[in-house]
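The structure appears right after this line, and notes come after that.
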Amino acid sequence: MKPLIDRPGSRPWLKVVPWIVVLALCVLPLIIRNDFYLDALILIFLWGAYAGAWNILAGYAGMMSLGHSAFFGIGAYTSTLLLLRFGLSPWIGMLAGGLFASTIGLILGVICFRLRSHYFALATLAFGEVGYICAVNFRSLTGGSEGLALPIRPDALLFSFAGKLPYVYIGLFLFLAVIAISYAIEHSRLGYYLTAFRENENAARALGVRTGRVRLIAMVLSSFISAVMGTFYAQYVVFIDPSSVMRIQISVQVALFAIVGGIGTTLGPAIGAMIFVPIAMLLRAEMGTSLPGLHMIIYGVILVLVLLYMPQGIGPKLKEKIPFLRSP
Amino acid sequence: MTNGEKRPMLEADGISKWFGGNAVLNDLSFAIRPGEVVGLIGPNGAGKTTVFNVISGFYRTRTGSIKFDGTDISRLSPEAICRLGLCRTFQITRPFSNISVTKNVMIGALNREGSVRKAEKKAEEVLEFVRLYDRRNLLGRNLTIADRKRLEIARGLATSPKLFLLDEVMAGLNPAEVQEMIKLVRQIAERGIALFVIEHIMAVIMGLSHRIIVLNHGEKIAEGEPAQIASDKEVIKAYLGEEYLIAQG
């Protein structure tokens, strides 16, 4: 059953719940001493934030991008190259990558101005593939398929740390920041305009919504954050190559997480990451040698089941089933 | 003519629209004065909705000019025109399906209001006015036809238009709902908002309008007060055919 009613909540004490969850997330890494679980946390935060960025464009604005790997890759390569070539701190590189990616996003948005739904998805798919091909073939710049290894010299100013804990907290910060941004968008003029654009562009325009501008803003925001997550990935994994940061599968995966978690919702992408990342990690750890790639099959099964039984995603379904969650 | 002394707020001068080799509108001129209710009638395919699409910026006129409040709007986008105070509804209603009725209206209200909170208040006022308030939490897609028409009107009103184009807001309604809708349209007019109304139900348009423009094959064949239009030979011919006139003697 789809909900008939879209009712705002009215239980003020529920406002405390999110803060308790945030606090728990802050304390959790201190309790967990196991590197494997810390790694899982980092990847959940990474993918949750990245899926959140994708969701700004695809969820709120309804522009299904299948080329978001390119923005992720641009972020990873920009900061890494600035570090390797010019010794520039990846903290600054993160910003530079974000700006570069959002510029590309803006240009792509202008070029694809007339494209809607499937056609936009196809155009972005091609765009993502172009990114991959560039990364493979501009060998003098990107090192081609051999990839680029980052120096391992623990230095906070160079975004490099010895243990996993700092990465957990940076990841947590980015994760919460993206959720906060999504929440802010959803409750602001921009969010209403994006929704109007998604639901019916002509009706939105007739009501004075500058749809052209609004969709470009979504494009810029989404590509900026994706690139920031790319830099974070590069700094954490300390090795990037086209297939780890530019591959089409990354675009598909980020879309999958957000769709299964609940597209167009504040927490959906985060929920998606919380479900998929642990599954992938466990299967890789347990069956990595005997049945490699099994996690992709499981992903597929989950996707099919979710689309069949809760097409709006797991997040909205939870909200519907558990009245407790319905407020914030 | 009513309000004859006032300067027109909308002046369309020689507008035309072609689809391929067909002229859908041909050299059409008309004016609407502040506070006026003007009906636009004509047989199916006469080009009525095209007139709305051209005025509201969804189509470009090929010739002539359209002035609204002294500004040439013939090259402006629909969103810019709406911001100037000229809003339209759609004949086939286009609710934002997956959000609440209140949020639907808020999107219109955000046009003028400084904050989301103020827009929500404005939306609730408008919903109260169009008598849709008790359905404010329903999703757009769950409304009946009559309520969808009301929602179209509510969203438009929330943008605070000076001139409001209503495209067949009575179509598909039962007689009781039509009466309700007439009441609502009258109330909107009483607020001083000029209305340009497309309508198929003759009794309705005759009762509502100060002045009526009749369109046939993209050209204006008559214009005047309702009583004048009802007895106009050209109009009767367009609607009922030449034989009818001959039979009437």
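In the text below, chain A, chain B and the rest are named by the order of the sequence lines, each starting its count at 1.
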Requested in this report: Could you pull out the closest heavy-atom pair between B:Val116 and A:Tyr192, with the gap in Å?
Outcome: CG1-CE1, 3.7 Å
Report task. Compare all side-chain heavy atoms of A:Thr195 with those of B:Lys103 and state whether any distance is below 4.5 angstrom. Result -> no
Query raised in the report: What do you reckon, is CZ of A:Arg213 surrounded by more than 12 foreign heavy atoms closer than 6.0 Å?
Result: no
Report summary line: Separation between OH (A:Tyr193) and CD1 (B:Ile107), nearest 0.5 Å, reads 8.5 Å
Query raised in the report: Going by heavy atoms in the side chains, are A:Leu207 and B:Phe96 under 4.5 Å from each other?
Result: yes
Requested in this report: Locate the shortest heavy-atom distance separating A:Ala206 from B:Cys82; write the atom from each residue and the value.
Outcome: O-SG, 3.3 Å
Report task. For residues B:Arg155 and A:Ala203, report the shortest heavy-atom separation together with the two atoms involved. Result -> NH2-CB, 3.8 Å
Report summary line: To the nearest 0.5 Å, atom CZ of A:Arg210 lies from atom CD of B:Glu79 at 8.0 Å
Query raised in the report: How about A:Tyr309: does its OH atom have over 12 heavy atoms from other parts shown lying under 6.0 Å from it?
Result: no
Report task. Please determine, among B:Ala80, B:Ser77, B:Cys87, B:Ser97, the option with the most heavy-atom pairs under 4.5 Å with chain A. Result -> B:Ser97
Query raised in the report: Quick one: what part of B:Thr89 sits under 4.5 Å from any heavy atom of chain A, side chain, backbone, both or neither?
Result: neither
Query raised in the report: Just wondering, more than 12 heavy atoms not from A:Leu305 lying within 6.0 Å of its CG?
Result: yes
Requested in this report: Determine whether more than 12 heavy atoms belonging to other residues, nucleotides or ligands lie under 6.0 Å from atom CZ of B:Arg117.
Outcome: no
Query raised in the report: Heavy-atom distance under 4.5 Å to chain A: side chain of B:Glu152, backbone, both or neither?
Result: neither
**Report entry** Heavy-atom proximity to chain A below 4.5 Å, by part of B:Ser56
**Finding:** neither
Query raised in the report: Which heavy-atom pair separates B:Glu113 from A:Arg189 by the least distance, and what is that distance?
Result: O-NH2, 2.5 Å
Report summary line: In this structure, CG of A:Asn200 is separated from CG of B:Asn98 (nearest 0.5 Å) by 11.5 Å
Query raised in the report: Tell me, do B:Arg94 and A:Asn202 make a side-chain contact under 4.5 Å, heavy atoms counted?
Result: yes
Report task. Would you give the length of the straight line joining atom CD of A:Glu199 to atom CD1 of B:Ile99, rounded to the nearest 0.5 angstrom? Result -> 6.0 Å
